[in-house]
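What follows is a set of notes on a single structure, which appears directly below.
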Amino acid sequence: MFIDIQNMCFNYTNSSAKAVEGFTFSVQKGEVISILGRSGSGKSTILRLIAGLEMPKCGSFTLAGKKIFDDYTFVQPEKRGIGMVFQDYALFPHMCVADNILFGLPKMSRHEKMKRLKEVLELVELEGFEKRYPHQLSGGQQQRVALARAIAPQPELILLDEPFSNLDTDLLVKIREDLRRILKKANATAIFVTHNQNDAHALADRIIKIKDGRIDQVGRPCDLLGIPTNDEVELELLPEESQKELVSV
């Protein structure tokens with residue numbers, strides 16, 4: 001397996017309840033995986049544990065044959081070979097598109113950097129936007145820049161935190177299709193967290209449904225379609241607007 005996570009557990013300081021308990025899952029290279037759950041279910045904590053932003057209490061994580069953590073090992077975030085696309089994209093407002101992408105390529109020669117910049121701009125279809133600044137871009141374009149920056153160093157894994165939460169409903173369908181196309185064209189292995197079942201079903205090869213820090217269900221979108229989690233409202237077949245209202249309650 002390209003990614004192998006075994007019995008990953010975590011609880012926050014001064015809390016006896018486990019935020020993540022017994023998380024065990026494997027991922028093939030090139031798969032796009034969604035971790036789906038409501039607020040407080042533990043999905044974002046799992047993403048932070050994989051990224052190295054939190055230290056697990058137990059368990060193991062192997063990525064591309066490299067041990068990332070276990071009882072005796074903990075690889076620092078910057079050495080894991082993992083790219084991250086944050087919920088707010090985290091673009092540098094004082095840097096143009098090109099400089100935002102090049103920021104993640106410090107070890108390359110100038111020629112290599114320019115070549116890679118051209119490649120990722122073509123991949124995300126933003127050729128000609130090199131000199132624009134984040135405030136001059138739409139939400140979908142900003143997301144593409146953030147994705148290009150994450151892909152540029154050719155990481156083993158890309159993590160995305162609620163990738164569609166800042167986008168207008170009218171743009172969601174197209175942006176979801178674009179994001180899946182970009183990830184597949186780059187042969188990227190990706191894990192993204194979301195509370196939105198429409199996002200998960202549109203983008204993921206497989207979905208992990210999380211409840212109270214534990215895996216509740218796992219399957220392909222076609223297998224899980226119409227099957228609600230044990231005590232959750234079934235959201236996947238509702239319009240986007242109704243879904244957002246339910247999640248916010």
Side-chain angles (χ1 to χ4, degrees), residues 27-36 43 47 82-92 95-105 116-208 220-222 225 235-241 243-244:
V27 180
Q28 299 281 4
K29 184 171 176 58
E31 273 195 296
V32 177
I33 302 296
S34 170
I35 300 177
L36 173 65
K43 62 186 186 300
L47 204 72
I82 294 176
M84 186 92 178
V85 178
F86 294 94
Q87 187 171 345
D88 61 357
Y89 312 138
L91 299 177
F92 297 110
M95 290 184 181
C96 64
V97 167
D99 288 341
N100 264 284
I101 296 172
L102 292 171
F103 183 83
L105 303 174
R116 187 59 180 157
L117 174 63
K118 184 175 183 296
E119 290 173 349
V120 296
L121 284 173
E122 289 177 356
L123 181 66
V124 300
E125 298 181 354
L126 284 177
E127 306 101 309
F129 287 75
E130 295 91 330
K131 298 303 179 184
R132 294 198 188 184
Y133 288 83
H135 72 273
Q136 297 173 312
L137 304 174
S138 67
Q141 289 168 339
Q142 289 183 39
Q143 184 191 66
R144 290 187 186 192
V145 175
L147 184 59
R149 184 175 62 186
I151 289 175
Q154 298 179 301
E156 299 287 1
L157 172 64
I158 296 175
L159 304 177
L160 302 100
D161 183 14
E162 296 280 2
F164 307 109
S165 62
N166 291 327
L167 299 177
D168 293 335
T169 302
D170 293 341
L171 292 174
L172 275 177
V173 174
K174 183 180 187 308
I175 296 300
R176 283 191 299 226
E177 291 175 354
D178 288 346
L179 181 55
R180 179 171 173 82
R181 176 188 55 77
I182 290 167
L183 291 171
K184 289 300 181 181
K185 189 173 181 181
N187 193 31
T189 306
I191 298 174
F192 73 98
V193 301
T194 182
H195 65 262
N196 187 308
Q197 297 203 41
N198 285 341
D199 292 345
H201 281 258
L203 186 57
D205 296 313
R206 282 190 295 157
I207 298 170
I208 308 172
R220 297 174 302 168
C222 60
L225 188 64
L235 299 177
E236 55 261 43
L237 301 181
L238 293 178
E240 302 282 356
E241 295 83 355
Q243 193 177 119
K244 288 184 177 180

Open item on the list: Could you go through T194 and L203, starting from their C-alpha distance and side-chain angles, then the distance that decides it, and tell me whether this counts as side chain to side chain contact (heavy atoms under 4.5 Å, CB included)?
Closed with: CA-CA 11 Å; T194 182; L203 186 57; over 6 Å; no
- [ ] Go through R176 and N198 one step at a time and tell me if the side chain to side chain contact (heavy atoms under 4.5 Å, CB included) criterion holds.
- [x] CA-CA 10 Å; R176 283 191 299 226; N198 285 341; 3.6 Å; yes
Open item on the list: Show, in sequence, the C-alpha distance, side-chain angles and deciding distance for L126 and L137, and conclude whether the side chain to side chain contact (heavy atoms under 4.5 Å, CB included) test is met.
Closed with: CA-CA 11 Å; L126 284 177; L137 304 174; 5.7 Å; no
TODO: Assess whether side chain to side chain contact (heavy atoms under 4.5 Å, CB included) is satisfied between N196 and F164, documenting all intermediate values.
DONE: CA-CA 9 Å; N196 187 308; F164 307 109; over 6 Å; no
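Taking CG from L36 and NE2 from H201, the interatomic distance works out to 7.0 Å, rounded to the nearest 0.5 Å. E125 CD to R144 CZ: the interatomic distance, rounded to the nearest 0.5 Å, is 5.5 Å. One finds the CZ atom of R116 at 4.0 Å from the CD atom of Q154 (value rounded to the nearest 0.5 Å). Rounding to the nearest 0.5 Å gives a distance of 8.0 Å between OG1 of T189 and CD of E156. Going from atom CD of Q28 over to atom CZ of R206 covers 7.5 Å, rounded to the nearest 0.5 Å. Note that the CE atom of M84 and the CG atom of L160 stand 8.0 Å from one another [nearest 0.5 Å].
Counting only distance, with no hydrogens or angles, the side chain of K184 and the backbone of G30 share a donor-acceptor pair below 3.5 Å. A donor-acceptor pair under 3.5 Å links the side-chain atoms of R149 to the main chain of Y89, judged by distance alone. Checked by atom type and distance alone, the side chain of Q143 pairs as donor or acceptor with a backbone atom of P163 at under 3.5 Å. Formation of a donor-acceptor pair under 3.5 Å by the Q142 side chain with backbone atoms of P134 is found in this model.
Considering only heavy atoms from C-beta on, L183 comes within 4.5 Å of L147 through its side chain. Proximity of I191 to I208: side-chain heavy atoms (C-beta onward) are nowhere separated by under 4.5 Å. Counting heavy atoms from C-beta on, the side chains of F192 and V32 come closer than 4.5 Å. At a threshold of 4.5 Å between non-hydrogen side-chain atoms, the residues K185 and E122 do not count as touching.
Annotation for G140 and I175: closest pair CA-CD1, 3.9 Å, computed over non-hydrogen atoms. In this structure, I151 and A186 approach most closely via the heavy-atom pair CD1-CB, 4.4 Å. Taking all atoms of both residues into account, the shortest heavy-atom contact from A204 to P221 is O-CG, 3.2 Å. The heavy-atom pair separating L91 from V145 by the smallest distance is CD2-CG1, 3.8 Å. Summarising the geometry of K131 relative to Q136, their closest heavy-atom pair is O-OE1, 4.4 Å, with the distance given to 0.1 Å. The two residues G83 and P155 have their closest heavy-atom pair at N-CB, 3.6 Å.
Look at D205 and R180 and you find a salt bridge, because one of the NZ, NE, NH1 or NH2 atoms lies within 4.0 Å of a carboxylate O, short of that distance. We find that E177 and K174 are not joined by a salt bridge, their nearest charged nitrogen and carboxylate oxygen being 4.0 Å or further apart.
The local environment of NZ in K29 is crowded, with over 12 non-hydrogen atoms from other residues, nucleotides or ligands closer than 6.0 Å. For CZ of R181, the number of neighbouring non-hydrogen atoms (other residues, nucleotides, ligands) closer than 6.0 Å is greater than 12.
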